[in-house]
Amino acid sequence: MVGVALVVGAVGLAAKRPPLLLLAGVGVVFAAYPDLAPRTEPAVGLERTVSDPNPDPGDHVEVSVSVTNQGDGLLADLRVVDGVPPTLSVVESLPRRGTALRPGETDSFTYTVRAERGTHGFEPATVVARDLAGATEFETTVGAEALTELDCTTPLSSAPVRPETLQQVGRIAADAGGIGTEFYRTREYHPSDSIGRIDWNRYAATGELTTTEYREERATSVLVAVDARASAYRGPDDHTHAVVRCVSGARRLVDVLSRTRNPVGVAGFGREYCLLEPDTGREHARRAHRILATHETFDSRPPADPVDLEGQARQLRASLNERTQLVLLSPLCDDEIVRLARRLQLAGHAVTVVTPDPTDEGSPGRRLGQVERRNRETELRDAGVRVVLWAADEALESAFDRATRRWHR
Amino acid sequence: MTEPTRDRVSVSHRPARFSAAVAVLFAAGTVALLAPATALPALGLELVGVAVAAGGAGLRRSGWYLLGTLLVAIGVLVVGGAVAVAAAELGGLADISAVVPGMVGAAAVVAAVAPVRGTGSRGLLKVGATGVLVTVLVTGLIRNATFPTLLAGTAGTVLTWDAGEQATNVGEQLGREAATVRGEAVHIVGSVLVAGAAVGLGYGLRRVSLLSVSLGSFVLLLVGALLFTAALHD
C-alpha cells in the first residue's frame, strides 16, 4: 500500500498535478489501516456433538461443531478446521468454516463422516483468527470441552485366553485340582488329606475312603500388548490401518477381562514402550482405557523414528511373572514381532496373537504380503502360540468364535 | 496406509468464490467507470469472453475436459478480440494507453482468482491490479476525468487487490468448498468502509487545496503522512 502511495505520488509530482498527488492519500489510508484496526487475542470455545457415538461400520455419522467467541472483541475473520480423526473420512460437506463472531456469538457447522471399525478420537480444532484488516493472524488449537470419540466396536462376551488356565471368562479357574469351591474330581484318600474333604456318602455306600477335589482357583493375569511400530500402520484400501484396530481390540479385551476380575494390564511397542501393570478393579480398567485412548504410543499416525523392539521386549519380559498370559495384537508385518512372540511362548508364558489382516487383494506385491503373513502364522502355531485371524470387515467377537472353534476341534 | 478415495469429500485450495467475485467486480467496475463511452461495447465483449472462459474452466474440472479446454480457448480469444476492438474503436494513442492496461489488468485479475489450473496466483493478481492502477493514472494525466472519479478509481484498485488477496488466503486455509462467506463479507465490508473514508478524506483535502495550497506543501503533507504510517508500523 505504501508502494501504491509512492507510485501515485511520484506520478502526480512528476506531472505537477496536485489532484493526482492527492490520490496517493488512498494508499496512505490503506497503509495505516492495519495499525488502526482493532486487534484482539481470540478466546474461542468449541463444542462438538456426534449424531451417534456408537455407530455400525459404514454408517454415516453427522458431526456438529459450534464455535463461540468467548472474548469481548469482535472476531472479524475466524477460520476453523475441525480435528477429524485421521482414520475417518468426511463424506458430506466439510469440517471447515470461515465466519465472523461478535462477542458471545456462536456459529455452528455440520459435516458427515463414515464410521470405520475401531475407536476414533477427535483431535483439537485448528483456529485461525485474523483482524479486520487481515494484517495479523493468530493461530491456535482449541479442544472441545468434552473429549469426543466415535466408538465403532461391538462389546465382547469372551476373550481368547487359554482354556487350560481360564476355563471360561466369567470364572477364574485353572484345570488343576485342589482347594476351591467347584467340584473337580474324586481320588483315592491319602492320609495327609484333610478330614473335611473325605466323601462320606461314598464311604457309607462302599466302605472306601475317597477324597473330593475342587477346582483350584488361580487368578491369571493377562497382559494385552499392542504392536504400534511403524510397520504395523498398514491397512487395506478404504479401511482403517491395523494399529487403530489393534487398539480398539485391546480396549474391548480390557473390558471383558476386567469384568472377570482377572488382573489385566496393557503394554505397547512403538514410539516408546508403554506399560500398565496388570491389576484389577474398575478404576484400573478406566486407567487402561485412558492410556489406550491417549498415550502417544497408540497414536493413529505412525512414529517417525525406528523402534528398538529388542529393548522394549526386554522391559516387557522384566515385568512379566511366570503366570502372566500375553495377548499380543499385531498385524504381523515383520519377522521381529514373530520372534518376540515365540520367545515369550518358549519362556513359558501362554501367548495368543490376535492379528488384524492389513493385506488386500490385488497387486503381486500385496499377494506376496499375504503369503508372508501366512508363513508367520504357521511359524507361530508351530511354536505353540495361538493365533486369532481377524479379517478386515469382521467384528472381533466373530474372529474369536472362529478361533475358539478351531482350538476345540 | 492408503487414503480411501471413494465418495470422500475433497478440498480444492482455489480462491474462495465470494471474495473472488467481489475482486472481479471491483476491477471491472473501476475500468468501466474510467473508460470513455466509446470503449464500453468492447468492455462488454471482454466480459462475455471472461464468462465463456470461466464456464469452460468449470467444465474442465467436472470431467468435460475437451469441451472445457475449447471454451477456455474461445474465451481467451474473445478477450483478446475485445482488446483489439477497443484499440480500433478508440483510435488515439492516448485513449488506447488509458483503456487497454485496465482491460488487460481486469482479465489478469480474473485469471488470478478463478484459475483454470492450480490454486490462484498472487503475482498475477498484483499484475492485474497494477494494470487497473495504470488506467487510473493515465486517465488522470491525459483525459479530463473528474477528481471524484479518479479517487473512486484508486479506491477500486486497492479494493480489487484486497478482495483478491482475501480470496486467495481463504482458499489456501479453508478451500473453495467450505462455507466462508460470512468471514469474507465482514472483511470486505471493513475494507469498503475504509475506502469510503479515504475517498472522503481525499475529497476534503481537494476542497482545501482549491483554497490555494502550493504543490510543495502537498508533497510535504504526503511525505509526512507516509512517515507517520511507517512510525505506526514499528
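We name chains A, B, ... by the order of the sequence lines, and we start the count at 1 in each one.
With a 4.5 Å cut-off on non-hydrogen atoms, A:Ser93 touches chain B through its backbone but not through its side chain. Proximity to chain A involves both the backbone and the side chain of B:Ala195, based on heavy atoms less than 4.5 angstrom apart. Using a 4.5 Å cut-off between heavy atoms, A:Val28 touches chain B through backbone and side chain atoms alike. Heavy atoms closer than 4.5 Å to chain B are found in the backbone of A:Val80, but not in its side chain. Residue contact with chain B, scored on non-hydrogen atoms closer than 4.5 Å, is absent for A:Ala242.
Summarising the geometry, atom CG belonging to B:Leu151 is positioned 7.5 Å from atom CG belonging to A:Leu22; distances are rounded to the nearest 0.5 Å. One distance of note links CZ of A:Arg79 with OG1 of B:Thr180; it measures 8.5 Å at 0.5 Å rounding. Taken from CZ in B:Arg206 to CG in A:Leu21, the straight-line distance is 11.0 Å, to the nearest 0.5 Å. Rounded to the nearest 0.5 angstrom, B:Thr154 OG1 and A:Leu23 CG are separated by 4.0 Å.
Between chain A and the residues B:Leu141, B:Val199, B:Thr130, the largest count of heavy-atom pairs under 4.5 Å involves B:Leu141.
Residues A:Glu137 and B:Asn169 have side chains that never bring a donor and an acceptor to within less than 3.5 angstrom of each other.
Using a 4.5 Å cut-off on side-chain heavy atoms (C-beta onward), A:Val29 and B:Val158 make no contact. When side chains are defined from C-beta on, A:Leu132 counts as touching B:Val186, because their heavy atoms get closer than 4.5 Å. Side-chain contact between A:Val128 and B:Leu174: absent, with no pair of heavy atoms (C-beta onward) separated by less than 4.5 Å. Under the 4.5 Å side-chain criterion, counting only non-hydrogen atoms from C-beta, A:Tyr33 is not in contact with B:Leu193.
Under 4.0 Å is where a charged nitrogen must lie from a carboxylate oxygen, and between B:Arg182 and A:Glu105 at least one such pair does.
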